[in-house]
Number of protein chains: 2
Amino acid sequence: MKATIYDIAREAGVSIATVSQVINGKGKISEKRRAEIMEIMERLHYQPSAIAAALTGKQTYTLGLLVPDISNPYFAELARAVEDRSRQLGYSVVICSTDNKDERVERYLNLLQQKRVDGMMIGTGIDNAEILSPLLQQSIPIALIARHMPSLSVHTVTIDDILGGALAAEHLLELGHTRLAVLSEPSKVSSSQERVRGFRETLIKAGYTLEPNQIRESAADLSSAKKEALLLLGEKDHPTGLFCCNDIQAIGALQAAKELGLRVPEDVSIIGFDNTILASVTSPPLTTVAQPIEELGHRAVDLLIEELKDEQKEPQKIVLKPELVIRESAGRVLG
Amino acid sequence: MKATIYDIAREAGVSIATVSQVINGKGKISEKRRAEIMEIMERLHYQPSAIAAALTGKQTYTLGLLVPDISNPYFAELARAVEDRSRQLGYSVVICSTDNKDERVERYLNLLQQKRVDGMMIGTGIDNAEILSPLLQQSIPIALIARHMPSLSVHTVTIDDILGGALAAEHLLELGHTRLAVLSEPSKVSSSQERVRGFRETLIKAGYTLEPNQIRESAADLSSAKKEALLLLGEKDHPTGLFCCNDIQAIGALQAAKELGLRVPEDVSIIGFDNTILASVTSPPLTTVAQPIEELGHRAVDLLIEELKDEQKEPQKIVLKPELVIRESAGRVLG
DNA sequence: CTGAAAGCGCTTACAG
DNA sequence: CTGAAAGCGCTTACAG
């Protein structure tokens, strides 16, 4: 049988209140008693029930994290950052893969509420912002990660996607490219749209244009991206500089180029986005716009915990800066 | 304020016992009352407290998963499989990255016990098997994933690592390679040792040998592996066939080969292990021994849940079969 | 078919 | 410095 606080109290000949105090390091207990009680707890392998504690007003010290797919390296790296900070602060995290389906999001949201998590981080796409409103009513702390939902009054940690797109454009321009294209995610992914926007605006400022048919869309998986890139790069007068809205798409483009007999970067330069582990593993390794994934995760946790501590309610908006990581998939234009 | 079962009961003019029954779909409640109560719960956004329920004898419907590092694609894919099956069965999972440190493992184990998770899956290395024994005493269901701990009486889901190594050897032999080497993980990683063993035994059976200095070790990160591979492949009369104990190491070898001006597979054939997403993204794509990662995760969850249901205590040992996935990094020996 | 009551394992004032 | 008691939000027999 599992030992309870009563067992410890009986064994020590004290009340459960006293035991509770030593567990929580509160109150004034004589050093001798405290040591004695600690010893008994160890001996009985006593693990106080966090569940009972939570029921009596303490937090659950558990956070929820919603992502589209934990097996995607970007979200896996994000999850690691979230977990690390949470652990440091004494929290554990339950991870939920939603596959970007609202129905799944909603079910997880309810589940996490029932389990009384202290806060939730949402890094998954949500079509209908409405499904978050019950949480807001219960005033459960929420932080959006790399997602914009202007209609909602919640904490938000994002990166400057426009700047990210601009960084890619500037690099390609510096390398002498003028025939440019972009491979973006479907239009409902707002961050992707912003990246495209930053990219295009930078081109325009420099006196170049981006033809509508040079903006292609594909799902975020490898084979969709490759298929679309095959079409784009297969045309005569294909672009010499291609900006992809995430690393997976860039890899699809890399594979398409190879299949078409195009050399990277000699014949086409390709730039990715995210700087996940994938970017360092391809050949050539990807030049890519790096998201500060670790900081995204840390800051999201911090926002939640601060709100839990201070009752500080005003939602914060944090915007982090992406950075260009130059590797080998983009080079000077030839000829 | 959050609605409780009392609020619902009062609103409906019934006792909390009745509300409890409709929540749990138990007992016989007149259809009319049931509908009425359901309606009230919806209207008040009532979410029953899983914490209170757990305190009164129900499960927490939460499982723990310990892995070395959730940002490693292998473990990320495993986590996804675990999560999927858990969700189907009504459980959520808290994920813990241990960096293979016993101290961290121990802290997480205690934490998960305090949170009263219903079971734990352990996919992380543990030096000192002792730290699991308190759990066994509490008879908390435990399943080891891809780890051997013969001294412990717990559920185990592994793959046949010896067969995996043999598969790699057979393939290389078929392609005509005779100068072979292996890049393995440090000797404390038992699965890696088994892979090497299967590899070597197959060579011996075929009449070849594997010189001790052709068995190299490196940590599982990219740069360590690359460094070691640089040494190995830099020698004259370097091996033409190299078996690496995981995909990351194989990628390190790929990069080393490239740096040395060796073509893959024309000058060196390289085989990896795991078949994570990384294997499909390199150039050339990796021929690798695939672990049935999804099934590993599913089976581990199933074992736990079965034990929770049936009180069926005998620890099960499940061994799954790896398979060779032929892509392009291994080819026929030239000359 | 439905309700009163005990109990799960804690924490938190409140006394003393 | 320490204990008695109430209460957190449920579930589970047990009556009726």
Side-chain angles (χ1 to χ4, degrees), chain A residues 1-38 40-41 44-62 110-118 138 140, chain B residues 1-38 40-41 44-62 110-118 138 140:
Chain A
M1 229 26 270
K2 227 173 178 2
T4 72
I5 199 171
Y6 292 99
D7 301 318
I8 307 298
R10 191 180 327 115
E11 188 79 8
V14 299
S15 77
I16 60 166
T18 302
V19 178
S20 175
Q21 313 226 83
V22 353
I23 293 171
N24 296 291
K26 285 190 184 169
K28 312 252 150 236
I29 314 276
S30 67
E31 197 35 67
K32 189 172 150 211
R33 280 221 158 150
R34 143 173 266 102
E36 201 176 306
I37 292 173
M38 298 273 270
I40 295 173
M41 295 195 295
L44 269 49
H45 295 298
Y46 172 62
Q47 300 281 6
S49 165
I51 260 156
L55 193 57
T56 62
K58 287 181 105 175
Q59 298 181 22
T60 54
Y61 292 96
T62 302
N110 287 337
L111 195 63
L112 293 174
Q113 266 186 87
Q114 295 181 189
K115 298 202 173 174
R116 299 294 188 263
V117 298
D118 297 324
Q138 322 273 220
I140 296 176
Chain B
M1 226 28 266
K2 232 178 173 2
T4 72
I5 199 171
Y6 292 99
D7 300 318
I8 308 298
R10 190 181 327 116
E11 188 79 9
V14 300
S15 76
I16 60 166
T18 303
V19 178
S20 175
Q21 315 225 83
V22 352
I23 292 172
N24 296 292
K26 286 190 184 169
K28 312 249 151 242
I29 313 274
S30 67
E31 196 37 66
K32 190 172 149 214
R33 281 222 155 150
R34 143 172 266 103
E36 201 176 307
I37 292 173
M38 298 273 270
I40 293 173
M41 294 196 297
L44 270 49
H45 294 298
Y46 172 63
Q47 300 281 6
S49 164
I51 260 157
L55 193 58
T56 63
K58 287 181 103 175
Q59 297 180 22
T60 54
Y61 293 98
T62 302
N110 286 338
L111 195 62
L112 293 173
Q113 267 187 86
Q114 295 181 187
K115 299 202 173 172
R116 300 296 188 262
V117 299
D118 298 324
Q138 322 273 220
I140 296 176

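Here is the naming used below: chain letters follow the sequence lines, and residue numbers restart at 1 for every chain. For the numbers below, each heavy atom of this structure counts, side chains included, while hydrogens, waters and symmetry mates do not.
Of the candidates D:dG9, C:dC10, D:dT11, D:dG9 carries the atom nearest the A:L55 side chain, counting heavy atoms from C-beta on. Picking from C:dG3, D:dG9, D:dT11 the nucleotide with the shortest atom distance to the side chain of B:K58 gives D:dT11. Considering only side-chain atoms of A:A17, the nucleotide from C:dT11, D:dG3, D:dG9 that sits closest is D:dG3.
Regarding contacts with the backbone of D:dG3, a side-chain N or O of A:S15 is found under 4.0 angstrom from either OP1 or OP2. Phosphate proximity of D:dT11 to B:S20: present, with a side-chain N or O under 4.0 Å from OP1 or OP2. Remark: A:Y6 is not in phosphate contact with C:dG7, judged by side-chain N or O atoms under 4.0 Å from OP1 or OP2. A sub-4.0 Å separation between OP1 or OP2 of D:dG3 and a side-chain N or O of A:T18 is present.
Nucleotide C:dC10 holds its C1' atom 16 Å from the CD atom of A:Q59, rounded to whole Å. Atom CG in A:N24 sits about 11 Å away from atom C1' in C:dT12, given to the nearest Å. Here D:dC10 presents its P atom at 11 Å from CD1 of B:I51, a figure rounded to the nearest Å. Rounded to an integer number of Å, the gap from A:Q21 CD to D:dG3 C1' is 10 Å. For the pair B:M41 CE and D:dC10 C1', the interatomic distance rounds to 14 Å; values are reported in whole Å. If you take CD1 of A:I16 and C1' of C:dA13, they are 14 Å apart, rounded to a whole angstrom. If you measure from atom OH of A:Y46 to atom P of C:dG9, you get 10 Å, rounded to the nearest angstrom. Per the geometry, CG belonging to A:D7 stands 10 Å off C1' belonging to C:dG9, to the nearest Å.
With values rounded to the nearest 0.5 angstrom, B:Q113 atom CD is found 5.0 Å from A:K2 atom NZ. Taking CE from B:M41 and CD1 from B:I37, the interatomic distance works out to 7.5 Å, rounded to the nearest 0.5 Å.
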Compile the donor-acceptor pairs under 3.5 Å between side chains in residues 11-21 of chain B and protein atoms, sequence neighbours left out, one pair per line.
| from | atom 1 | to | atom 2 | distance (Å) |
| --- | --- | --- | --- | --- |
| B:S15 | OG | B:A17 | N | 3.3 |
| B:S15 | OG | B:T18 | N | 3.4 |
| B:S15 | OG | B:T18 | OG1 | 3.4 |

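Taking for each of B:V14 and A:P48 the nucleotide of DNA chain C with the nearest heavy atom, the 5'-most of the two is the partner of B:V14. Of the two residues near DNA chain C, B:G13 and A:T56, the one whose nearest nucleotide lies more 5' is B:G13.
At least one side-chain heavy atom of B:I5 sits less than 4.5 Å from a side-chain heavy atom of B:I23.
Each side chain to side chain donor-acceptor pair (under 3.5 Å) pair with one or both residues in residues 44-56 of chain B, not counting sequence neighbours, appears once here: A:N110-B:Q47.
By the side chain to side chain contact (heavy atoms under 4.5 Å, CB included) test, B:A53 is found to be paired with B:K58, residues two or more places apart in sequence or in another chain being considered. In this view, A:T60 and A:A54, A:T62, A:R116, A:D118, B:I51 satisfy the side chain to side chain contact (heavy atoms under 4.5 Å, CB included) rule, not counting sequence neighbours.
Within a heavy-atom distance below 4.0 Å of DNA chain D, no residue of residues 31-38 of chain B is found.
For DNA chain C, each stem of at least three Watson-Crick or G-U pairs (distances under 3.5 Å) is given as range with range: C:1-3 with D:14-16, C:5-12 with D:5-12, C:14-16 with D:1-3.
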